Amino acid sequence: MTSIPDSLTKKKSARRKKSEAGAMKLLLRLSAPYKFQLLLACLCVVIVNGAFLIQPLILQRVIDHFLIGRAAQSGLDSIGGLALLYVAVASAGGIFSYLQALIAGKAGQSLIHELRVRVFSIIERLPLPYLDRTSSGRLITRATNDTAEISELYTDVVISLVKDVLLLLGIIYAMLLLSPPLTLVSFTVIPVMAFLVLFIKNKIKKNFFHMKHYIGQINGFFAESLSGMRVIQSFRAEKEKEDQFLKLNGEYFKTTLIQVRLNSVLKPASDMFQSLAVAILVWYSIGRISGGTLQIGVLFAFTTYIRQFFAPISDLADKYTSIQSALVSTERIFELIREEDRLEQPDRGLPMERLHGTIEFRHVWFSYNDDDWVLKDVSFVIGKGQTAAFIGETGAGKTTIISLINGFYRVQKGEVLIDGVNVNDIRLNDLRRNISVVLQDVFLFSGSIRDNITLGDDIAEESVQEALQASCAEEFVLSSPGGLDEPVTERGGTLSAGQRQLISFARAIAHNPAIFVLDEATANIDTYTEKLIQKAIDNAASGRTTLIIAHRLSTIAEADLILAMKEGRIAEAGPPSELLKRGGYYAELLEESRSHIMTS
Ligand SMILES: Nc1ncnc2c1ncn2[C@@H]1O[C@H](COP(=O)(O)OP(=O)(O)OP(=O)(O)O)[C@@H](O)[C@H]1O
């Protein structure tokens, strides 16, 4: 948990200011398709404001001309006529206010809808190196909070801004029209009131950023705790986590109390100043009214206008904060949109509908970060239809090899070739369609078992059934009440590790890949399921180039080729029988695992 140091806040606000101009330009581009709706909404606002300003003037005329002045009434210029006019003006204000909210709301929601789809489609195609250095929380915020802030800007902020500025100008104009001296008197208090409101709102805004910071931390803490709940409960770390949460929540609570205090003082303070302004007006006007130089209706209209002054000032201060937030959100979203040029391009590259499955690494050097080499001059060839097993200590670079074959990263030196073509030149859609990967940590989506096998691809029912059979998942899938349509909860939480593995085998087989990759699970699985999995591996491997990252050496006794890795290099390569004879690294590991089985 962190508090926010002042220097950090200053740095952040400097950065924010710098990016505001850019964000503003981008916002304009974003709103271009909706400019007609926005203009229409602004037009409605002008009418609503007009109605608002005319109402006190009508009342002033009723009071001064007809109630006090006893002027002759005729047609519309009578108490009855003006009453009708008042109702008509108020109704027009209401109707146009409704239209404005509708038009602006629709434009804002359409914008957010398009933006969210765009953000999701970008996130889906972000290259892995980008995802490696970006937290999922940040990306979720882009798609949800940030798009919502921008939408609010259109549905509420921009329109309110136009409305408030016009209203303030309109009130001043109407006051000057009625009585310039009374306007000056009113303005002895209004600037003080405006200053007070802006001062308090500024404090509220600063505190709001702190609140956002802590609520972000609380959300993150919740998300992390939920996904790690199994560990928390099994290690009885509930108390420790609760204490951490209590501390975090306490910090947040403090900021909310400040907010409550500031909000509580705002209304009474501004009320007090409004009353003071009215008192000064009355004090100034009394003598003039009895002297006949000022009409009572004018005083009445002024007191109404002074009360109307407060709302737009307070609103403007609020909207300033919203604009700042929306600009930050825009900048963040466009940071993502700028990545569009670097997104994965599924349709670009050499079309290779069906791969044969020959894989070659030619003097490959690869690092995730600068010159921290993870693979060092790795070379090997795996022939079409062969089964190759990668073994070696943890962190040796086995999974990295798989990622390179999938084209997730680009190598710095050397080449990764499939069927003699550099993987980076093959059309990505074709490359990925031809490779199916079963990872250690099987990922299942919420939906049905069938959805998890097809992943939305158009796979014939027959092929799904065959895949079920070949993956040995048939028995447990068909025995569940819904069969293939049995629901799967988030991440497959209600299935056993073995069942999840079998479904992922079915998924891989149903996609009929040319290359099958298995990052073997290290988790302990009962002997029965282990046998099923072994059979599923054999079925999946038949007729395909198969790569297995093996943790159990028993799995790979039948492999055509074993590649033993040590610190990013191929330490040893060859068929198992040959390596066994050679008595090197593989033989050592095999001996170790046998003695481990004997002693356990
Ligand atoms: N996305 C990444 N960003 C930075 N470094 C990474 C990344 N993935 C892996 N590494 C590093 O690369 C090295 C090789 O990792 P890799 O996952 O390929 O090893 P492995 O042999 O598959 O290990 P294990 O058997 O434990 O799965 C490790 O030092 C690891 O810390």
Side-chain angles (χ1 to χ4, degrees), residues 123-139 231 339 342-344 359-380 382 387-416 423-424 432 435-443 497 500-501 504 508 515-525 533 537 546-556 559 561-573 579 584-586 588-590 592-593 596:
I123 289 177
E124 267 191 318
R125 290 182 294 134
L126 280 172
L128 271 197
Y130 185 95
L131 290 172
D132 285 345
R133 48 172 210 273
T134 316
S135 79
S136 52
R138 268 179 69 183
L139 291 173
V231 180
E339 288 295 317
R342 277 175 280 178
L343 293 183
E344 295 207 320
I359 301 169
E360 182 179 357
F361 270 52
R362 253 188 224 162
H363 302 292
V364 168
W365 288 76
F366 173 75
S367 74
Y368 290 99
N369 308 307
D370 301 326
D371 46 6
D372 189 5
W373 297 110
V374 170
L375 296 184
K376 300 163 193 159
D377 197 18
V378 169
S379 293
F380 60 81
I382 304 168
T387 295
F390 290 86
I391 58 168
E393 62 219 11
T394 189
K398 305 179 294 289
T399 309
T400 304
I401 287 192
I402 306 303
S403 299
L404 294 181
I405 294 172
N406 258 302
F408 286 136
Y409 301 91
R410 283 174 178 261
V411 301
Q412 281 85 0
K413 286 192 244 174
E415 271 187 305
V416 177
V423 274
N424 302 128
R432 302 264 166 89
I435 304 175
S436 282
V437 184
V438 171
L439 295 170
Q440 269 188 49
D441 185 14
V442 173
F443 198 98
R500 287 200 292 267
Q501 277 275 334
S504 73
I515 298 169
F516 172 63
V517 179
L518 169 66
D519 196 348
E520 199 186 54
T522 45
N524 281 329
I525 291 170
I533 287 178
I537 296 174
T546 302
L547 276 63
I548 302 176
I549 297 178
H551 297 284
R552 277 169 296 206
L553 298 184
S554 58
T555 324
I556 54 165
L561 179 68
I562 286 183
L563 295 143
M565 296 199 64
K566 237 181 189 176
E567 292 166 9
R569 291 183 191 274
I570 304 280
E572 215 172 35
L579 294 189
Y585 188 41
Y586 172 65
E588 247 172 59
L589 287 178
L590 202 62
E592 248 173 52
S593 77
H596 177 69

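In this text the structure is predicted, and so the values were computed from the model without any measurement. As the structure lists them, so they are numbered: ligands from 1, and atoms in each ligand from 1. The residues of the chain are indexed from 1 along the displayed sequence.
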* Any nitrogen or oxygen of N369, main chain or side chain, under 3.5 Å from a nitrogen or oxygen of ligand 1? -> no
* **Atoms of ligand 1, numbered as shown, that sit under 4.0 Å from any heavy atom of T399** => 17 (O), 18 (O), 20 (P), 22 (O), 27 (O)
Quick one: side chains of residues 390-408, donor-acceptor pairs under 3.5 Å with protein atoms, not counting sequence neighbours, listed by atom name and distance.
residue	atom	partner	partner atom	Å
K398	NZ	G392	O	3.0
K398	NZ	E393	O	3.0
T400	OG1	Y368	OH	2.9
S403	OG	T399	O	3.3

* Structure fact -> Taking every heavy atom of K566 against every heavy atom of Y585, the minimum-distance pair comes out as CE-CE1, 3.8 Å
* Asked: So, for Q501 and S504, which heavy atoms are closest and what is the spacing to 0.1 Å?
  -> O-OG, 2.7 Å
* Flag atom 13 (C) of ligand 1 as yes if some protein heavy-atom distance to it falls below 4.0 Å, otherwise no. => yes
* Residue and atom name of the nearest protein heavy atom (relative to atom 15 (O) of ligand 1), distance in Å to one decimal -> T400 OG1, 3.8 Å
* Asked: Of all the non-hydrogen atoms in the protein, which one sits nearest to atom 2 (C) of ligand 1, and at what distance?
  -> Y368 CD2, 3.4 Å
* Which bit of Y409 is near ligand 1, meaning a heavy atom under 4.0 Å away: side chain, backbone, both or neither? -> side chain
* To do: Indicate yes or no: does an N/O atom of V374 lie under 3.5 Å from an N/O atom of ligand 1?
  => no
* Nearest non-hydrogen protein atom, atom 25 (O) of ligand 1 -> K398 NZ, 2.9 Å
* Asked: Can F408 be said to touch ligand 1, with heavy atoms closer than 4.0 Å?
  -> no
* Salt-bridged, R569 to E567, with N to O below 4.0 Å? -> no
* To do: Hey, could you give me the CD1/CG distance between I123 and L131, rounded to the nearest 0.5 Å?
  => 8.5 Å
* **Any donor-acceptor pair under 3.5 Å from E572 side chain to Y586 backbone** => yes
* Structure fact -> Ranked by distance from atom 1 (N) of ligand 1, the top protein heavy atom is D132 OD2, 3.0 Å
* Structure fact -> of all protein heavy atoms, closest to atom 26 (O) of ligand 1 is T394 OG1, 2.3 Å
* Would you tell me which option among G568, G395, A550 has the nearest heavy-atom contact to atom 28 (C) of ligand 1? => G395
* Structure fact -> Note: A389 and A559 closest approach over all heavy atoms is CB-CB, 4.3 Å
For residues 409-416, run the donor-acceptor check on the side chains, cut-off 3.5 Å, and write out each pair with its distance to 0.1 Å, sequence neighbours left out.
residue	atom	partner	partner atom	Å
Y409	OH	D132	OD1	3.4
Y409	OH	D132	OD2	2.5
Q412	OE1	S367	N	2.9
Q412	NE2	S367	O	2.9
Q412	NE2	S367	OG	3.4
E415	OE2	N422	ND2	3.4

* Asked: Hey, is atom 31 (O) of ligand 1 touched by any protein heavy atom at less than 4.0 Å?
  -> no
* Asked: Of the non-hydrogen atoms in S379 and I570, which two are nearest, and what is the gap between them?
  -> O-CG1, 4.2 Å
